[in-house]
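Count residues from 1 along the sequence.
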Amino acid sequence: AGCGAAPAGAWAIIIAAICVLWIPSRSLRAEAPGGKHVLVLFSHESATYTDFDRPLRASLTRDLIYPVDFFTEYLDLIRFPREHHEQQIVDALRVKYRSRRIDLIVVVSPLAFDFLMARRDELFSGVPIVFASINVERFSGQPLPANVTGVAVRRDYRDTVNLALRIHPDTQRVVVPVGTSTVERSWLESLRESFKEYEGRLAITYLTDLPMHEIVRRLQTPQPHSLILFTPMLYTDSAGDYFRPEDVAELVSASSGVPVYGTHEPFFGKGIVGGVLYDMAAVGVA
């Protein structure tokens, strides 16, 4: 039941100014022997982002006659206290790229996007920005700033729940493991809101504020007619330990006494039985 879900609902928001800047004519290309410099900003480390990075680079450089030099930064915006850590990032980036010309910034995820937009003038004033892996609702009714464009996508974890319910119509309970950081708690509140439509039909349990060993123990002995929904919302446990979701997916699937459904492509092959899976490789190409 592994249903691949490339972002068929992806919305491309194109700004002509960036197109002119980034896709020059052959005569203009000849005037840029030094090549282009692209900075890729990720909010945190993830195998999902590796799947994005390779096709992004291949697609971006395939038809160019000049070289492209890539710089990559993982901002680690989940693991550390936000305000203090963000200022440290700003200081480090300012020093690191002071003497480098950056022609384009590719920013991935809402966390990294919000960080960059708040500090853009301070760090990379005027540099064009392309965003990726941000829900289209994030831009609803909001005009994009100048020289900002990207691929907005539709991601809804209810798609996987609905798929699982079609396969297991006797399901009564869904268990969702969730981390304990400030960021993860904000994700949980959004998830609770979107899952309100299941009230009266499903009992949904959010396993949070627990150490990892206790989460695993509870998943080993679930109640009958239960399913587990595994999402990339478990990075930190209550003991303060940090995990990569793809590693936790394997641990959870191996421990669970019921089927585990996932939401992201890298979870497939880690023990989940399937789901409506978000494919970051397709977003990289787009």
Side-chain angles (χ1 to χ4, degrees), residues 2-14 18 22-23 36-64 68-79 89 93 102-117 124 127-139 144 148-157 159-160 183 187 230-235 243-250 262-270 272 275-286:
C3 302
W11 289 26
I13 308 170
I14 306 300
I18 288 186
W22 184 242
I23 311 177
K36 297 291 185 180
H37 302 85
V38 178
L39 173 62
V40 186
L41 296 180
F42 295 104
S43 60
H44 54 281
E45 179 190 14
S46 173
T48 300
Y49 293 154
T50 302
D51 293 341
F52 169 88
D53 194 56
R54 285 193 296 266
L56 168 76
R57 294 179 185 228
S59 298
L60 198 58
T61 59
R62 182 175 296 121
D63 297 322
L64 302 182
V68 179
D69 193 9
F70 287 90
F71 302 90
T72 302
E73 300 288 345
Y74 295 92
L75 304 180
D76 227 349
L77 294 173
I78 297 176
R79 197 184 321 215
I89 296 173
L93 292 177
I102 300 298
D103 299 295
L104 178 70
I105 300 174
V106 178
V107 58
V108 186
S109 90
L111 287 177
F113 180 79
D114 290 343
F115 166 83
L116 177 60
M117 295 310 297
F124 303 105
V127 177
I129 294 170
V130 172
F131 61 79
S133 196
I134 301 178
N135 271 349
V136 68
E137 289 84 358
R138 169 69 172 73
F139 303 103
L144 289 172
V148 177
T149 188
V151 178
V153 298
R154 178 189 174 273
R155 280 189 292 171
D156 192 334
Y157 296 154
D159 294 340
T160 292
V183 172
W187 292 341
F230 189 79
T231 71
M233 295 174 60
L234 176 51
Y235 291 87
F243 306 87
R244 297 198 312 168
E246 55 271 17
D247 297 331
V248 182
E250 189 168 8
T263 58
H264 283 60
E265 187 73 26
F267 301 161
F268 201 62
K270 298 291 188 178
I272 68 169
V276 179
L277 305 179
Y278 179 53
D279 184 8
M280 282 289 288
V283 179
V285 173

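We find the CZ-CD1 distance between Phe113 and Ile129 to be 7.0 Å, quoted to the nearest 0.5 Å. Atom-to-atom distance recorded for Thr61:OG1 and Asp69:CG is 12.0 Å, nearest 0.5 angstrom. We find the CD1-CG distance between Ile134 and Asp114 to be 7.0 Å, quoted to the nearest 0.5 Å. Distance check: Phe115 CZ to Leu77 CG gives 7.0 Å after rounding to the nearest 0.5 Å. The structure places CG of Leu39 at 9.0 Å from CG of Leu104, a figure rounded to the nearest 0.5 Å. Distance CG/Leu75 to CG/Leu93: 6.5 Å, rounded to 0.5 Å.
The backbone N or O of Ala281 sits nowhere less than 3.5 Å from a side-chain atom of Asp51 that would complete a donor-acceptor pair. At least one donor-acceptor pair closer than 3.5 Å links the side chain of Thr160 to the backbone N or O of Val276. Side-chain atoms of Asp103 come within 3.5 Å of backbone atoms of His37 as a donor-acceptor pair (strictly under, hydrogens ignored).
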Q) For Arg57 and Thr72, what are the C-alpha separation, side-chain angles and deciding distance, and is it a side chain to side chain contact (heavy atoms under 4.5 Å, CB included)? A) CA-CA 11 Å; Arg57 294 179 185 228; Thr72 302; 2.8 Å; yes
Q: Apply the test side chain to side chain contact (heavy atoms under 4.5 Å, CB included) to residues Trp187 and Ile78: give CA-CA distance (whole Å), side-chain angles for both, the deciding distance (0.1 Å), then the verdict.
A: CA-CA 12 Å; Trp187 292 341; Ile78 297 176; 3.6 Å; yes
Q.
Under the criterion side chain to side chain contact (heavy atoms under 4.5 Å, CB included), I'd like the reasoning laid out for Met117 against Phe131: C-alpha separation, chi angles, the key distance, then a yes or no.
A. CA-CA 11 Å; Met117 295 310 297; Phe131 61 79; over 6 Å; no
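Ser133 is listed as a side-chain neighbour of Arg155, based on a closest heavy-atom distance under 4.5 Å. Taking the side chain as every heavy atom from C-beta outward, Asn135 and Val153 approach each other to under 4.5 Å. Counting heavy atoms from C-beta on, the side chains of Asp53 and Phe70 never come closer than 4.5 Å. Within the 4.5 Å cutoff, no side-chain heavy atoms of Ile105 are placed close to those of Glu73. The closest side-chain heavy-atom distance from Val108 to Val283 is not below 4.5 Å. Looking only at side-chain heavy atoms (C-beta outward), Phe267 and Pro245 come within less than 4.5 Å of each other. Val148 has its side chain out of reach of Phe139: every pair of non-hydrogen atoms, C-beta onward, lies at least 4.5 Å apart.
Aromatic ring centres of Phe230 and His264: separated by at least 6.0 Å.
Taking the six-membered ring for Trp and thresholds of 30 and 60 degrees, Tyr49 and Phe42 have nearly parallel ring planes, at less than 30 degrees apart.
Ion pair Glu45/Arg244 flagged as a salt bridge, since at least one NZ, NE, NH1 or NH2 atom sits closer than 4.0 Å to an Asp/Glu carboxylate oxygen.
Heavy-atom minimum distance, His44 versus Tyr74: O-CD2, 3.4 Å. The shortest heavy-atom contact between Ser59 and Val285 is OG-CA, 3.8 Å.
Considering Val38, Val40, Ile102 as possible partners of Phe71, the one that fulfils the side-chain contact (heavy atoms from CB on, under 4.5 Å) test is Ile102.
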